Structures are given as structure tokens and as C-alpha cells.
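When reading the values below, keep in mind they use all heavy atoms of this one structure, side chains included, and skip hydrogens, waters and symmetry mates. We name chains A, B, ... by the order of the sequence lines, and we start the count at 1 in each one. In this text the structure is predicted, and so the values were computed from the model without any measurement.
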Protein chains: 4
Amino acid sequence: MAGKMKAAVVREFGKPLSIEELDIPSIRPNQILVKVDACGVCHTDLHAARGDWPTKPKPPFIPGHEGIGHVVEVGASVDWIKTGDVVGVPWLYSACGHCEHCLGGWETLCEKQEDTGYSVNGCFAEYVVADPNYVAHLPKDIDPIRTAPVLCAGLTVYKGLKMTDTRAGEWVAVSGAGGLGQMAIQYAVAMGLNVAAVDIDDAKLAEARRLGASVTVNARTTDPVSYIQQKTGGTHGVLVTAVSNTAFTQAIGYARRGGTIVLNGLPPGEFPLSIFDMVMNGTTVRGSIVGTRLDMIEALSFFTEGKVSTVVATDKLENINDIFDRLQHGKVAGRIVLDFRN
Amino acid sequence: MAGKMKAAVVREFGKPLSIEELDIPSIRPNQILVKVDACGVCHTDLHAARGDWPTKPKPPFIPGHEGIGHVVEVGASVDWIKTGDVVGVPWLYSACGHCEHCLGGWETLCEKQEDTGYSVNGCFAEYVVADPNYVAHLPKDIDPIRTAPVLCAGLTVYKGLKMTDTRAGEWVAVSGAGGLGQMAIQYAVAMGLNVAAVDIDDAKLAEARRLGASVTVNARTTDPVSYIQQKTGGTHGVLVTAVSNTAFTQAIGYARRGGTIVLNGLPPGEFPLSIFDMVMNGTTVRGSIVGTRLDMIEALSFFTEGKVSTVVATDKLENINDIFDRLQHGKVAGRIVLDFRN
Amino acid sequence: MAGKMKAAVVREFGKPLSIEELDIPSIRPNQILVKVDACGVCHTDLHAARGDWPTKPKPPFIPGHEGIGHVVEVGASVDWIKTGDVVGVPWLYSACGHCEHCLGGWETLCEKQEDTGYSVNGCFAEYVVADPNYVAHLPKDIDPIRTAPVLCAGLTVYKGLKMTDTRAGEWVAVSGAGGLGQMAIQYAVAMGLNVAAVDIDDAKLAEARRLGASVTVNARTTDPVSYIQQKTGGTHGVLVTAVSNTAFTQAIGYARRGGTIVLNGLPPGEFPLSIFDMVMNGTTVRGSIVGTRLDMIEALSFFTEGKVSTVVATDKLENINDIFDRLQHGKVAGRIVLDFRN
Amino acid sequence: MAGKMKAAVVREFGKPLSIEELDIPSIRPNQILVKVDACGVCHTDLHAARGDWPTKPKPPFIPGHEGIGHVVEVGASVDWIKTGDVVGVPWLYSACGHCEHCLGGWETLCEKQEDTGYSVNGCFAEYVVADPNYVAHLPKDIDPIRTAPVLCAGLTVYKGLKMTDTRAGEWVAVSGAGGLGQMAIQYAVAMGLNVAAVDIDDAKLAEARRLGASVTVNARTTDPVSYIQQKTGGTHGVLVTAVSNTAFTQAIGYARRGGTIVLNGLPPGEFPLSIFDMVMNGTTVRGSIVGTRLDMIEALSFFTEGKVSTVVATDKLENINDIFDRLQHGKVAGRIVLDFRN
Ligand SMILES: [Zn+2]
Ligand SMILES: [Zn+2]
Ligand SMILES: [Zn+2]
Ligand SMILES: [Zn+2]
Ligand SMILES: [Zn+2]
Ligand SMILES: [Zn+2]
Ligand SMILES: [Zn+2]
Ligand SMILES: [Zn+2]
């Protein structure tokens with residue numbers, strides 16, 4: 001499709017993104033072109049733009065992986081997506097389709113995956129190329145702004161909760177009651193779990209209770225480990241969205257014997273683990289990243305059925321550097337979503 | 001039962017055990033008295049005698065938790081064990097029977113458990129008191145010497161392998177091909193797993209191959225992580241019997257994405273964990289200690305069906321301090337079993 | 001304990017129960033005596049009194065297995081229950097404690113189990129003997145009338161739902177929206193499941209919707225199979241509480257491919273199964289009876305946390321034959337609970 | 001690819017297949033053309049040619065779904081298969097790739113699947129069109145004759161065994177020790193299961209023992225249910241390859257409480273099921289058809305690692321009607337494989 005588009009481009013790690021006018025990208029026969037309506041801004045975009053992680057994207061590139069838009073062009077060999085369809089463009093741009101992970105419903109572990117806004121250009125742009133086999137199919141009347149955060153934030157915590165191996169009626173502790181934590185609490189409640197939420201901000205803990213957490217504790221004023229152990233007998237699962245040394249050590253302490261701690265964040269560096277305690281207590285620690293297409297369908301169902309909601313504030317692409325700055329300094333409540341409709 | 005018995009007693013942590021003549025203990029109505037025929041010597045006995053772990057036994061006490069013997073006295077309220085029965089007296093002396101762990105087939109996680117040779121007196125003695133509900137029932141013609149190591153060493157690695165969540169046809173890496181490792185290799189093969197064994201001793205690796213390991217690597221001369229990744233594509237499960245910093249870090253490297261590393265040892269201190277890698281690779285790290293009564297029945301079945309065997313050397317109670325010394329310095333091949341008969 | 005008690009006794013199968021004055025039973029050292037406050041009346045009591053099933057109880061006997069009461073006497077070797085404790089006396093009077101089922105958290109499958117009100121006397125009496133290891137421990141301030149139905153009706157459907165192998169967000173069909181069905185709907189909703197309810201009574205379907213069923217269908221006026229398939233795409237699980245030929249065949253039709261149908265009822269006779277359809281659709285059909293002690297703790301937690309409620313009408317022991325008559329003719333809404341307090 | 005090919009064509013249900021010379025089929029851009037080297041003859045081919053099942057193929061069509069051959073032509077949009085590759089063409093020709101079954105690693109349950117030799121032309125021909133995403137990738141030096149039966153017979157029993165939910169060390173009963181049964185016994189043994197085999201032919205039972213079955217019983221001379229219950233305590237799993245009324249009823253009787261009976265065959269008609277027994281015993285009955293691509297990779301691994309072998313007799317395409325006749329009358333030991341080479 002001929003024409004120009006506006007995009008936020010990482011030219012150099014750690015430098016401000018530049019807002020540029022680029023050619024609308026052309027697609028291959030097995031690809032689709034999506035006109036972006038909305039895209040959430042995720043911490044991962046920040047890590048990408050700074051080159052924080054061992055495997056780095058290659059500048060110049062366009063971040064953004066919570067995109068929702070309309071299909072405006074369809075490659076010749078694509079048969080299951082049509083022009084006009086509303087789709088979600090998530091972190092997992094594509095996977096090989098043939099490895100044991102892909103065949104076993106675990107394409108998020110595919111070694112040959114491409115990631116949107118990281119290894120291929122993402123949705124901080126008016127148009128984005130996508131793989132029709134990996135986008136989410138959405139109802140045409142969906143609100144793109146409110147839905148966007150489900151594609152990564154919602155999906156990640158939903159999958160993380162599944163990986164705690166808990167069942168309805170059991171306890172899960174959610175470490176952190178910010179944007180991700182609030183989504184996690186809602187998903188957990190909708191999954192029939194009893195929720196204990198930990199934060200250091202009383203306002204967030206009040207919101208956690210409103211969302212259904214039965215136990216809340218301010219880790220700044222109360223020892224959260226002994227408090228949660230006393231109130232719940234130890235939780236069966238723990239979800240840690242923001243991993244710090246302290247959060248990690250405490251998280252293991254929230255669990256009862258036989259419990260599972262799931263880590264959702266991607267902090268660089270190493271963390272101290274007491275193997276003695278793990279063995280004595282039969283503890284499981286597990287990493288979990290985003291979710292598969294099936295997880296995404298499920299996470300979206302909870303949202304469209306009204307069981308979970310998102311808290312969003314809209315902004316525009318031109319402000320991306322300011323948004324990143326606020327995100328980095330913890331000044332964002334809920335999710336900022338770039339609104340490309342005007 | 002009136003009379004005297006010989007026992008090895010820990011009077012003070014870190015000091016030699018004293019060989020003493022004690023009264024044969026009396027039993028309560030819900031207990032049994034077992035005349036010990038054989039008892040294996042386990043690293044845990046060494047840790048107990050030295051007071052290595054945070055929760056310590058209270059001297060004086062008698063170690064030993066791989067005991068096999070004959071029931072010589074039965075309490076008034078015991079109805080399912082009879083005098084003359086052959087039983088195994090394992091690490092798990094008793095559990096509460098009422099908590100969620102006990103009710104759910106996970107009595108090894110019971111917070112109120114008693115442990116043989118640790119919180120209650122063990123089998124380094126001619127007689128031992130046992131709980132009839134937690135002993136193993138054994139065929140009368142069993143060889144107590146060869147069977148003893150199944151009660152802890154065999155059970156521990158068998159349960160550890162189960163906790164890797166692997167299925168027949170998948171790969172498991174066994175880190176360490178000494179006594180525990182050799183049992184682990186046999187159990188893994190009998191469970192239909194493909195086995196990669198790691199050690200730093202070529203003789204042990206040759207034995208590993210004889211026991212059915214398809215891939216072996218000497219970690220002293222070859223990088224075991226890249227070798228195992230190349231030969232197996234990464235293993236689905238990893239069993240680490242002896243945990244050191246190096247063994248732990250390597251073990252995580254043996255696993256393919258989505259794999260599970262099970263830790264069987266109880267090293268004090270903390271170990272460095274890369275959460276970034278765990279999340280990216282969807283890795284699970286899990287602690288596992290001994291096994292339940294059902295696990296023990298299963299572990300014994302593999303043994304009695306001839307699918308796994310034990311390597312034992314007999315010795316006598318009086319030599320316990322020398323045995324401990326050899327164990328501590330890694331000079332024991334297979335398992336030393338105290339022979340109380342004759 | 002000396003004295004007399006009133007009891008409803010089956011003297012001959014199919015004949016009215018006789019209300020008799022009997023000696024209060026004496027207990028063995030490992031038993032407890034419970035003064036019954038309340039006992040629900042279950043269809044199984046009816047089957048027992050008529051001798052409907054292949055394995056029959058031996059008259060004379062006292063039915064009743066949803067009993068709640070106070071412990072008034074404790075055997076000498078009982079240490080974990082005290083006089084004054086409030087306990088629930090469920091169907092599973094005791095199990096052997098040693099078989100693989102018992103050790104594996106599946107005591108409901110124990111071949112040596114005793115069943116309350118069937119193989120041993122039950123709770124249609126002012127006093128009942130119980131096994132302290134198999135009763136439910138209840139808070140002292142619990143309402144015995146409202147709680148009684150959880151012990152069998154609630155437990156049975158809760159366990160049945162667990163056995164559908166469904167996860168939160170999936171669909172379950174509940175066949176029958178009477179007393180058991182209404183409890184099943186509530187448990188299913190509390191477990192995060194989407195519920196489709198089938199009945200032939202519009203009033204019950206209205207109640208089903210009030211309790212959270214998203215889809216309801218009157219099988220008398222609408223083909224329930226095509227309706228449920230259309231509205232849900234086929235359910236992941238199906239729970240069939242009252243099994244008839246029609247209900248069974250339809251139930252299999254509600255499921256989507258790969259779905260699981262759980263049968264809770266105990267109809268005599270044989271039912272026609274299309275193996276061709278089962279194989280083509282990857283269907284699972286599974287029987288489930290009551291639940292274990294751990295299931296009972298869980299089922300009770302949902303109740304005490306206010307996530308499910310019971311519909312009860314009280315009556316008195318003397319009316320048992322009239323109650324049986326109404327039960328047999330489907331004239332009972334909710335559960336009739338015998339009130340022994342006066 | 002221009003040219004002619006020989007094929008066996010079903011022109012009318014129940015009539016002999018006609019051996020015809022047809023145009024080599026042309027492929028679409030997302031397809032591949034395979035020159036067939038070998039193809040096993042399966043009972044399903046017989047059912048297809050007779051139109052036995054409710055959903056029927058549309059004559060004229062070419063049966064055959066255990067094909068192995070060389071890729072001779074590759075569509076323009078195919079990138080992961082190359083000319084010269086050796087591939088297996090199994091029953092599952094293709095699936096939609098987008099439904100929950102496909103995304104969840106259960107493409108065998110896809111409602112939009114195409115089936116080789118049934119809804120699309122199969123491998124009883126010198127050339128066959130295939131979907132590159134659903135063929136098995138095979139080593140170039142594989143023996144096509146011996147490998148062919150793994151693609152359907154091996155895969156089916158392997159998956160069926162997986163669906164029994166058994167673990168290594170447990171018991172599985174294999175009902176029928178013919179071709180399928182012999183493969184099942186081998187897979188079961190390689191999976192660490194203890195095997196009880198049932199047949200009515202002593203020679204087949206002797207072969208079963210040679211392949212590793214620990215218990216065998218001739219159902220013509222001994223009551224197999226009581227024999228298996230006595231020897232094994234009831235098996236944890238049961239695999240029924242050939243379903244008859246008698247085989248089905250007996251199979252349920254082989255299982256211990258909590259056991260799972262998996263049905264692999266596709267008999268038309270209905271079978272009598274005692275729901276009372278299922279509920280009392282906590283029994284699971286489950287249908288299973290072929291297996292997914294991942295199952296196929298696994299089933300092939302057991303074969304290439306030498307853990308299972310196939311018994312084959314070669315024949316040629318022209319004899320297909322005679323082969324069908326022998327198959328129908330149970331005169332085939334092992335598997336007949338059509339050899340298209342030379
Ligand atoms: Zn993200
Ligand atoms: Zn892949
Ligand atoms: Zn030990
Ligand atoms: Zn306990
Ligand atoms: Zn009942
Ligand atoms: Zn039992
Ligand atoms: Zn076939
Ligand atoms: Zn599909």
C-alpha cells in the first residue's frame with residue numbers, strides 16, 4: 001500500500017525515540033497490513049528502547065506490541081483473514097509452527113519466534129505488518145483503547161496465574177497492586193481464587209480490595225510474609241509481576257508447602273535462592289512469559305464477558321518519550337494507550 | 001520389651017557418635033517395636049550428627065532412617081501390623097493425618113511430621129520404635145541389606161524423577177553418577193526416559209552407560225551444557241542430587257525450554273538464579289524431599305520387580321564414625337548398610 | 001453412654017421405617033459418639049431403605065449420612081477430637097488407610113470402606129457412632145441445618161465438577177436444575193465456569209439463571225443438544241446428577257470434542273453408549289461418587305465463605321416415611337433436613 | 001507434474017476397488033506432491049471402501065493413509081519442505097490451524113480437518129498430494145516398509161496408551177494381541193508399564209510374552225476379568241483396540257477402581273454401559289483416535305530408537321482387493337504394506 005505513515009522509531013538505545021514519517025511497509029504474500037487504531041505502552045517497550053536485555057533488537061526499529069487495528073491489505077496466500085477484520089497484534093509476531101513447542105500448544109517457547117516491536121517492527125506506527133496466523137481475531141465493535149492492554153498485560157498475568165497450578169477455592173498472592181497487579185487480581189477472582197494482595201501504597205490496596213482481594217497488606221508497614229501466612233495459612237500460588245530481590249524473597253515466603261511461585265517480570269541479574277527451603281517445603285519456582293494464542297483467546301473472553309476490566313488513559317504517539325519517562329518513574333496508574341484514531 | 005540394646009548415639013553435634021548400651025525402648029499403644037536387621041547410612045545422617053541444618057535434632061539422639069527389621073512388639077491399638085512382619089522404617093516417622101497435605105497424598109509436606117533418626121530416635125540401634133501407619137510392609141523373604149537403600153536413596157530419586165513432570169520417551173539429565181545418580185539412572189530408564197548423565201569420573205560414567213544412560217559427559221573435560229544441548233536438544237527434566245553452585249547453574253542449562261529442574265539435595269546457603277533466563281525459557285525449578293508412602297510402595301515395586309538394583313557394602317554399627325568419615329570425603333561407592341544380623 | 005435414643009430403622013427393604021427407642025450405642029477406643037443436631041435426607045437413603053443396589057445393607061439398620069452434631073464421648077485412643085467439638089458425619093464412615101487409594105488421596109475408592117447409614121448405622125437417630133479420622137471438623141457457630149446438605153449433596157456435585165477437568169472460563173452443562181443441580185450451578189459459578197443448565201421446569205430454570213447460569217434450556221420445549229451446541233459451541237464439561245437414558249444420551253451431546261461427562265447418580269441397569277461417537281469426538285465419560293475428606297473441606301469452604309448456599313426445609317425424624325414418599329415422587333425442592341434440636 | 005500414475009480407486013461402496021491409470025494430480029501453492037514408496041493397509045481403509053461409517057467419503061476416491069514417500073514437487077508458498085525430503089502422509093491430512101483444538105495441540109479434534117484417503121485422496125497410488133504442515137519429516141535412510149505402520153497403527157495405540165493416564169510402574173491391560181495389540185504391548189513396555197495381554201489365540205499370547213507382557217490370558221479358556229484382577233489387582237489402564245460387545249464389557253472389568261479404559265476402534269452401533277458400576281468404581285471411559293503431529297513424532301522416536309518394531313508383509317497395489325478380503329477375515333498377521341518401489 002503506497003503512502004506515508006507516522007511512527008516512533010528507536011534509532012539508538014537509550015536515546016529518545018524519533019517521530020518520523022516513513023513509507024507504509026509492503027507485505028509478503030503470507031502477511032497482512034493493519035492500520036493501527038490503538039496501542040498500549042508496556043514496560044517491555046521501554047526495555048527494548050534501552051537495549052536492556054541480553055538479546056537485543058537491532059535499531060532502527062519501531063516498538064509496540066499491544067496493537068489493535070483494522071486489516072487494510074491481505075497477502076495473496078492468506079485465506080483466513082479478510083480486509084476490514086479487526087485484529088490484535090501481540091508480542092508473539094510469529095513462531096515456526098513445526099517444533100515440539102509449536103505443535104504442543106506452547107508457541108511462546110518456540111526458539112524461532114519473532115517478536116512484535118522487538119525483532120520486527122511494532123505498533124507505535126500508523127501501520128504495522130502482521131502474521132495472520134498469530135493475530136487475535138476481535139469482534140468489530142470492540143473498544144480498541146480498553147482492549148489493547150489485554151493483549152500483553154492481561155495475557156501475561158492470566159497465563160502467569162494459570163501457571164501457578166492453582167484451583168478455584170485456593171489462595172493466590174499477587175505481589176504488586178499496580179496496573180499488572182490489578183489485572184491479576186481481577187483474573188484471579190474470576191478464576192475462583194481467593195486473593196491476597198501486597199503493595200506499599202494504601203490507595204492501591206484499597207483498589208485491590210474493591211477488585212475482590214480478601215487479604216491485603218502494606219509491605220512498608222507490616223511484615224507481609226508473616227501476615228499472609230497468618231491470614232491464609234500460606235498461599236497455594238504466588239504471582240510476582242515486578243521482580244526485585246526483596247519481592248522475590250518475600251514471594252517465596254507467601255507460599256504454603258507445595259506452593260508455586262510464578263515470575264512474570266524480566267529483571268536482568270541474578271537472585272538469591274535458598275535451595276534448602278525449596279526442598280524442605282516442596283516449593284516450585286517457575287518463569288512465565290506472555291501467553292499463547294489460545295491463552296489470548298481465553299484472556300480476551302474474560303474481558304469481553306465483563307469479568308475483568310482495564311484502566312486506561314489515552315495519549316498520542318508524539319508524546320511517547322514523555323510517556324516512557326513517566327513509566328520509568330512509576331508515575332503511570334493503569335495503562336497508557338496510544339490513540340491513533342483522531 | 002525388657003532388655004538392653006546397642007545403639008550409636010549423637011551426644012554432641014560434630015563429635016563422634018558413641019556406641020552405647022541402652023534400654024530397649026518401650027512403646028505406646030499405637031506404636032510398634034522393630035528389631036533392626038539392616039540400616040543404610042545416608043548423607044542426611046551425617047548432616048543430623050553435625051547439626052548442619054537450621055532446624056536441628058536434640059541430642060542425645062540416634063540417627064538412621066533406612067532401617068529394615070522384624071516387628072517384635074505391637075501396641076494394643078495397632079491392628080494392621082502383626083508381630084513377625086517385616087517392615088521398613090523410613091525418614092518419615094509419622095505425619096498428622098489430618099492436614100490438607102496428609103489428606104491429599106502429600107504427607108511429606110506435613111508441618112507436624114516426625115522424622116526418624118532426627119526428631120525421634122532412628123535405626124542405628126538394635127531396636128527402634130515405629131509408627132505402624134508409616135512403615136513399609138515388605139515381603140518376608142526380602143534381602144534387608146539390598147533393600148534398605150531403596151527406603152531413602154531410591155525413594156528420593158524416584159520421587160524426584162516423578163516431580164520432573166516428564167513422560168516416557170522424553171529426556172532427563174541426571175547430574176552426578178555416584179550412588180544416588182546410579183539409582184536415578186536405573187529408575188529413569190525403567191520409567192521409559194532417555195537419560196543423559198553428568199559426572200567428573202569416567203569410571204562412573206562407564207557404569208552410567210551400562211545402566212542405560214544414552215548420553216554421558218565428563219564435566220571436567222567437556223562443557224556439559226553445550227554437550228547435552230547438542231546431543232539431546234536440551235532435556236525435558238533434570239535431576240540434581242548433589243547441589244553445588246556449579247551443579248545448580250549447569251543443571252538449569254541442561255534443560256530445554258519448558259523444562260523442569262528438580263533439586264534433591266539440602267545444601268545450606270543461597271544459590272544465584274537468573275530470573276531473566278527462567279522467564280524467557282519458561283523454566284521450572286522445584287524442590288523435592290524423600291517421598292510419600294505411596295511413592296515408597298512404587299519405588300519398592302521397581303526394585304522387587306528387578307527393574308532397579310542397589311549397590312551395597314555391609315559394615316557394622318561399631319564402625320559408624322569411620323563410615324561417616326569415608327562418606328564425608330566421598331570415598332563411598334554405592335551405599336554402606338549396617339548389618340545387625342548374627 | 002447409658003440411655004435411650006430415638007431412631008428410624010429399616011427392618012425390611014421396601015417397608016416403612018420404624019421409629020424406635022434404642023440403646024445409645026457404645027463406642028470402641030478409636031471411635032467417637034456424636035449427638036445429632038441435624039441430618040439431611042438424601043436419595044441414597046431411599047435406595048438404601050429399598051435395597052435398590054446390588055450390594056445391599058443388612059437390616060435392621062439406621063440410614064442417614066448428612067449428619068451434623070456435637071461430640072459427646074471420645075474413645076480412649078482418640079487424640080484429635082474432643083468432647084464438645086462440632087462434626088459432620090458423611091457417607092464415607094471410614095476407609096482402610098493403607099491401600100493405594102487411601103494413600104493417594106482417593107479414600108472414596110477404598111475397597112474396604114464403611115459407609116454411614118448403609119454398612120454401619122447412620123444419622124437418622126439422636127446419637128451416632130463415628131470414626132474421628134473421617135468426620136468433618138466444623139466451626140462451633142455453624143448452622144447445622146443449612147450446612148448438613150453440603151456433606152453429601154454439595155460434596156458430590158463439587159467433586160463431580162472437579163472431575164470434569166474443566167478450568168475457569170470454560171463451559172459446563174448441568175443436567176437437572178433441582179436441588180443437586182442448583183448446588184452444582186453455584187459451585188460451578190464459584191469455580192469460574194460458565195454454566196448452561198438444562199431442566200424441564202421453567203421455574204427451576206429461572207432460579208438457575210438467578211444463581212448464575214448464563215444459558216438455560218427447557219428440554220421439554222427445545223432440543224437441548226442443538227441449543228447448547230449453538231449457544232456455547234459445546235461445553236467442555238457436563239455434570240449429570242440424575243441419570244436416565246435420555247439424560248445420559250443428551251449429556252454426551254452437550255459436550256464439545258474432547259469434553260468430559262461426569263455421572264453422579266447411581267441408576268441400576270445399563271445405558272446405551274455410542275463408542276463410534278466417543279472415539280470420533282475424543283469424549284471422556286466418568287463416574288464420580290461423593291468426595292474425599294479434602295474435597296469435603298473444600299466444599300465446606302465455598303459454603304462458609306458464602307460462595308454457595310443451600311435451600312433447606314426442616315422436618316422431624318418421625319415424618320421420615322412421608323419425607324421418603326415426597327422425595328420419591330419429586331415433590332421436594334431443595335433439601336429436607338431432619339432437625340433433632342427441639 | 002505431468003504424467004500418469006497407477007491408483008486403487010473406490011468407485012462404489014462395497015464393490016472391489018478398481019486399479020486405474022490416472023493423471024498425476026496437480027498441487028496448489030501451499031501443497032506438496034509425494035511419490036509414494038510404501039503404504040500400509042489399515043482397517044479404516046476397509047471401512048472407507050465399504051462406506052461403513054455415518055460420515056462417508058465421496059466416491060470416487062483413493063484410500064490409504066500410512067504412506068511414506070519422496071517429495072517430488074513443492075508449491076510456491078511452501079518453505080519448510082524441500083524436493084527430495086522423505087515424508088510420512090498420515091490420516092490427518094490437514095486441520096484448520098485456528099480453532100481451540102488446533103491451537104491447543106489437539107488438531108485431531110479439529111472439526112474442519114481433512115483426512116487422507118477419506119475426505120481427500122490417499123496413498124493407494126503412486127503419487128499423493130499432501131499438506132506440508134501435517135506430514136511427518138523422516139530421516140532419508142528410513143525403511144519405508146517397516147516405518148509405514150507407525151504412521152497409523154503405531155500412532156493410534158501410542159496415543160491410546162497416553163490417554164489411559166497411566167504412569168511407569170502401573171498396569172495396563174491390552175485387549176487383543178494381534179497386529180495393533182502387539183504394537184501396543186511394545187509401546188507400553190517402552191513406557192515403563194506392566195502389561196497384561198488378552199487374546200483367544202495362544203500363539204499370539206506367546207508372542208505377547210516375548211514382547212514383554214508379564215501377564216497373559218486366553219479369554220476362550222479362562223475368565224479374563226477374574227484372572228487379571230487376581231494377577232494385577234486390576235489394571236490402572238485398559239486399551240481396547242478391537243471393540244466388540246464382549247471386549248468392551250470385559251475391558252471395564254479389567255480396571256481397578258479409578259482406572260481408565262481407552263477405546264481405539266470405531267465400531268458402529270451402541271454398547272451397554274453400567275453407569276452404576278462406573279460411579280461406584282470411579283471409572284473413566286474415553287475414546288481416542290489416531291494422534292497429533294507431536295504424538296506422531298514421539299511414536300516415531302520410539303521406533304527409530306529401536307524400542308518398538310513392526311511386523312510387516314509386503315504386497316502390491318494390484319492385490320488390494322485380495323488384501324482387503326484377508327484383512328476382513330482376520331487372516332493378516334502384523335501389517336500388509338504396499339511396496340511401490342521398483
Ligand atoms: Zn508487553
Ligand atoms: Zn516453533
Ligand atoms: Zn536419607
Ligand atoms: Zn499433616
Ligand atoms: Zn447422599
Ligand atoms: Zn483403603
Ligand atoms: Zn489407519
Ligand atoms: Zn482446527
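In this structure C:Asn30 satisfies the side-chain hydrogen bond (donor to acceptor under 3.5 Å, both in side chains) test with no other residue, sequence neighbours excluded.
Side chain of B:Ser77 to main chain of B:Pro29: a donor-acceptor pair is present (N/O by atom type, distance under 3.5 Å, no hydrogens or angles). Listed for the C:Glu170 side chain is no donor-acceptor partner under 3.5 Å among the backbone atoms of C:Gly237.
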Discussion item. Checking C:Asp37 against C:His70 for the side-chain contact (heavy atoms from CB on, under 4.5 Å) test, could you report, in this order, the C-alpha distance in whole Å, the side-chain angles of both residues, the deciding distance, and whether it holds?
Written reply: CA-CA 7 Å; C:Asp37 291 319; C:His70 291 76; 2.7 Å; yes
Fill in: Verdict with reasoning, C:Tyr93 to C:Tyr118, per side-chain contact (heavy atoms from CB on, under 4.5 Å)
CA-CA 9 Å; C:Tyr93 173 86; C:Tyr118 206 86; over 6 Å; no
Worksheet item: Going through the distances and angles, do B:Gln113 and B:Leu92 end up as a side-chain contact (heavy atoms from CB on, under 4.5 Å)?
Response: CA-CA 7 Å; B:Gln113 70 187 263; B:Leu92 188 73; 3.4 Å; yes
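Among residues 127-151 of chain B, the residues having any heavy atom closer than 4.5 Å to a heavy atom of chain C are, in sequence order, B:Asn133. Listed in order of number, the residues of residues 294-305 of chain B that approach chain C to under 4.5 Å between heavy atoms are B:Leu294, B:Ile297. Listed in order of number, the residues of residues 284-292 of chain C that approach chain B to under 4.5 Å between heavy atoms amount to none.
The two residues B:Thr164 and B:Thr260 come nearest to each other via the heavy atoms O-CB, 3.5 Å. When all heavy atoms of C:Gln31 and C:Ser26 are compared, the closest pair comes out as OE1-O, 4.5 Å. Scanning all heavy atoms of the two residues, the minimum distance from B:Cys110 to B:His101 falls at N-CB, 4.1 Å. Minimum heavy-atom separation, C:Ala153 to C:Glu66: N-OE2, 3.1 Å. Residues C:Thr116 and C:Cys123 come closest through the heavy atom pair CG2-SG, 4.2 Å. For C:Pro63 against C:Asp45, the heavy-atom pair with the smallest separation is CB-OD1, 3.9 Å.
In the model, C:Ser119 has a side-chain atom that pairs as donor or acceptor with a side-chain atom of C:Glu114 under 3.5 Å.
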